[in-house]
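Notes follow the structure.
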Amino acid sequence: MKQRVAALLRDKFNCDVILEKPKDRSFGHFSTPIAFSLSKELRKSPMIIAEEIANSFGDESVFSAVESVKGYINFRLSESFLDEYASWALTHGEQFGSDDKKGTILLEFVSANPTGPLHIGHARGAVYGDTLLRLGRHLGYDMTAEYYVNDAGNQIDLLGVSLQLEGRSALLGEEVEWPEKYYRGEYLSDLASEAVELFGEESLRDESRQKELALWAKDKILALIVADLKAINVHFDTFVGEASLYGEWDRVMAKMGDGVYQNEGKTFIHSSDFGDDHDRVVVRDDGRPTYLAGDIIYHNQKFERGYEDYINIWGADHHGYIARVKAAVSFLGYNPEKLEVQLSQMVSLLKDGEPFKMSKRAGTVIQMNDVVEEIGSDALRFMFASKKCDTALEFDIEELKRTDSSNPIYYVQYAHARIQTLVSKSEKSLDEIMSAHLHGLSADADGLLFEALLLPEIIEDAFESRQAQKLPDYLKALAAKLHKFYYDTRIIGNEDETKLLKLLLVVALSIRTGLSLLGIEAKNSM
RNA sequence: GCGUCCUUAGCUCAGUUGGAUAGAGCAAUGCCCUUCUAAGGCAUCGGUCAGAGGUUCGAAUCCUCUAGGGCGUACCA
């Protein structure tokens with residue numbers, strides 16, 4: 001809709017015209033401050049320029065009015081244009097707002113270590129990534145969702161040790177000495193008892209079997225993670241394991257050429273060329289690769305698969321990694337600008353107003369699946385999707401658990417349910433409703449219709465700017481308009497019943513489509 | 001120290017291609033159900049957009065500095 005208006009104005013003025021939302025809808029549907037920027041060039045007052053421009057519009061069928069007010073030019077869309085657009089939207093159903101963008105994008109997100117179930121902090125990246133995925137696909141991009149599994153390195157060794165100790169301590173009642181770092185949690189005792197069944201008690205005492213146990217456990221834990229994600233409607237297309245990559249190392253290192261060098265028996269990467277504080281070790285003097293080495297091979301493998309763009313969603317604690325990985329990508333002969341890293345800031349928790357620290361050792365980790373069980377996937381997704389992800393997020397655990405009306409997901413769902421109820425209560429047939437023409441609407445009805453028709457712009461903007469929170473924001477605003485309209489206007493029995501129902505069907509469509517892009521199913525009754 | 005992200009109402013947050021009077025929800029106070037689901041609506045209260053400069057017709061938004069906070073600054077992942 002906006003694109004169409006913008007295109008029309010571009011043809012008329014031969015330049016791009018900024019269209020924005022008027023402060024007050026009574027001014028019109030769109031407005032532009034173009035007269036202000038032209039005033040310097042033309043040496044005339046903005047008011048006069050705006051006046052002249054407004055008067056230059058004749059009988060375009062798209063606009064019913066073009067007016068200048070205090071230097072702004074306000075456009076009012078014609079009823080026939082809006083009606084036509086509404087009908088078009090309704091016949092396209094949930095494809096409303098879809099597009100046929102081209103391009104392949106590899107989106108990597110979550111990638112939590114397979115050493116324990118997901119905790120509440122992981123939910124933010126998972127929800128954000130999955131929302132981007134749904135938005136991008138709706139717009140036509142060919143997107144692949146990928147999970148990078150860190151199934152190598154110290155943490156896997158640590159997992160093996162932790163599993164044995166947990167088993168001996170909790171299951172066999174032995175006194176054990178805990179090392180400085182270890183994992184802990186209910187999932188470990190569950191795994192330990194399963195290990196005893198499968199491998200026997202002795203497997204918990206045999207240090208030579210730690211590795212074997214760890215690898216077995218990491219697969220079990222990954223399955224737990226996948227199940228946790230499934231519970232919030234997040235699905236991955238591909239999983240790439242770190243351990244499986246190291247066979248490529250020699251070839252990848254050769255590919256980087258001068259980007260890597262040897263010093264004191266270690267291999268370094270020239271990451272300082274890309275703004276890193278100093279060059280980083282990628283292979284230790286004993287020949288073991290560092291974590292960065294795995295990431296380098298992984299990104300080489302990503303680029304060899306030939307996507308057009310790459311998006312990584314990382315936690316903010318990885319931001320120092322951006323320069324290093326981009327350096328590697330460049331040394332590998334690829335364009336580092338193709339790799340876009342979105343950071344999701346930390347989530348910190350409050351309990352009773354006091355900062356609450358999750359600690360694996362103290363067993364105070366708040367698991368994501370516990371929260372999902374309590375408040376449901378929809379509320380969790382909506383709440384995380386509503387926050388832009390470049391601000392550190394703080395929330396109270398008790399508040400998160402509240403399921404009353406203070407939770408905005410119910411507000412949006414209720415709006416959709418109200419419309420469904422009206423449609424099912426009305427005697428009017430769907431055909432009658434669809435063939436109604438939207439004209440002579442009140443200002444409120446017009447405002448509601450226009451808001452509902454904005455969905456495509458919101459989707460595009462939310463994805464291209466990577467600001468997924470714009471979608472839930474929009475849905476809240478649309479729901480608010482609907483609730484007010486519902487309160488003010490009796491629909492059933494109204495002389496304009498079919499018209500109003502058609503309008504409401506557009507609203508319901510936008511809510512339903514928007515929610516599904518958030519991985520939430522709209523409810524027809526509450 | 002350096003790098004980086006941030007600071008908007010009592011709380012949690014929206015608001016960036018610079019635009020008209022800075023917005024929601026929660027909390028607080030008061031109204032509105034014999035009328036399509038009150039999981040709703042209306043009203044009141046609440047702001048030096050961290051502070052100071054700058055850029056210009058115009059700044060929460062862009063630039064500089066200052067203060068405060070998160071994260072990073074490992075041969076851990």
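Lettering follows sequence order; numbering is per chain, from 1.
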Discussion item. So, does A:Lys388 get its side chain near the phosphate of B:U16, meaning an N or O under 4.0 Å from OP1 or OP2?
Written reply: no
Item to complete: Assign each of A:Ile492 and A:His318 to its nearest nucleotide of RNA chain B by heavy atoms, then name whichever residue's nucleotide is nearer the 5' end.
Response: A:Ile492
Fill in: B:G1: pairing nucleotide in any strand, Watson-Crick or G-U under 3.5 angstrom
B:U73
Every protein N/O lying under 3.5 Å from an N/O of nucleotides 45-47 of chain B:
none

Discussion item. Does B:A38 have its OP1 or OP2 closer than 4.0 Å to a side-chain nitrogen or oxygen of A:Tyr410?
Written reply: no
Within the sub-3.5 Å range, which N or O atoms of nucleotides 1-4 of chain B have a protein N or O partner, and how far apart are they?
{"unit_1": "B:G3", "atom_1": "N2", "unit_2": "A:His319", "atom_2": "NE2", "d": "2.5"}

Item to complete: Classify the glycosidic conformation of B:C31 as syn or anti, calling it syn when the angle lies within 90° of 0.
Response: anti
Worksheet item: When rounded to the nearest 0.5 angstrom, what distance separates CD1 in A:Ile433 from OG1 in A:Thr498?
Response: 7.5 Å
Worksheet item: Paired with B:C42: which nucleotide, if any, by Watson-Crick or G-U wobble criteria at under 3.5 Å for both distances?
Response: B:G30
Discussion item. Using atom P in both nucleotides, what's the gap between B:U29 and B:U16 to the nearest angstrom?
Written reply: 34 Å
Every protein N/O within reach of nucleotides 55-62 of chain B N/O, cut-off under 3.5 Å:
{"unit_1": "B:C57", "atom_1": "OP1", "unit_2": "A:Lys40", "atom_2": "NZ", "d": "3.3"}

Worksheet item: Would you call the rings of A:His29 and A:Phe450 parallel, tilted or perpendicular if under 30° counts as parallel and over 60° as perpendicular?
Response: tilted
Practice prompt. Give A:Lys476 one of three labels, base, sugar-phosphate or nothing, depending on what nucleic acid heavy atoms sit under 4.0 Å from its own.
Written response: nothing
